[in-house]
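This report concerns only the one structure given below.
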Amino acid sequence: MQVRWLQDKVQTKLHDKMQKKWVARTRAWVSGMPQGDVGSPDRCMVCGKQLKRHRTVAGEGRVCSPECALTWAETLES
């Protein structure tokens, strides 16, 4: 019985330690999000389709597909 109690005690401490690390990593990750207009969604600059938020890229200059990228590139040439 004492061995089982000790195992439970060690397991609980490890779980608490890992949970604290997980919370710290999550908070650090969330604070690294772009600080631009948090409420306004990113949109494709060609067709206006709403894009998923991205950690490192936000704002204007994003396209949703290769077709939109080609359309954008063609408008630059002319």
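We count residues from 1, following the sequence as given. No experiment lies behind these values; they were computed from the predicted model shown.
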Rounded distance [0.5 Å steps], NZ in K21 versus OG1 in T26
13.5 Å
Please report the interatomic distance CH2(W72) to CZ(R62), rounded to the nearest 0.5 Å.
14.0 Å
According to side-chain hydrogen bond (donor to acceptor under 3.5 Å, both in side chains), who are the partners of S65, at least two apart in sequence or on a separate chain?
E67
Restricting to side chain to side chain contact (heavy atoms under 4.5 Å, CB included), what partner residues turn up for Q11, sequence neighbours left out?
D8
Under the criterion side-chain contact (heavy atoms from CB on, under 4.5 Å), I'd like the reasoning laid out for Q7 against R4: C-alpha separation, chi angles, the key distance, then a yes or no.
CA-CA 5 Å; Q7 287 175 341; R4 183 66 185 159; 3.6 Å; yes
With rounding to the nearest 0.5 Å, note down the distance linking OG1 in T75 to CG in L70.
11.0 Å
Decide yes or no on side-chain contact (heavy atoms from CB on, under 4.5 Å) for L51 and R43, but give the supporting numbers first.
CA-CA 5 Å; L51 301 173; R43 299 202 176 273; 5.8 Å; no
How close do C44 and C64 get, heavy atom to heavy atom, and via which atoms?
SG-N, 3.4 Å
Under a side-chain separation threshold of 4.5 Å, the hydrophobic residues clustered together with M18 are none
To the closest 0.5 Å, what do you measure between NZ (K49) and SG (C68)?
8.0 Å
At what distance, to the nearest 0.5 angstrom, does NZ of K9 lie from CG of L14?
12.5 Å
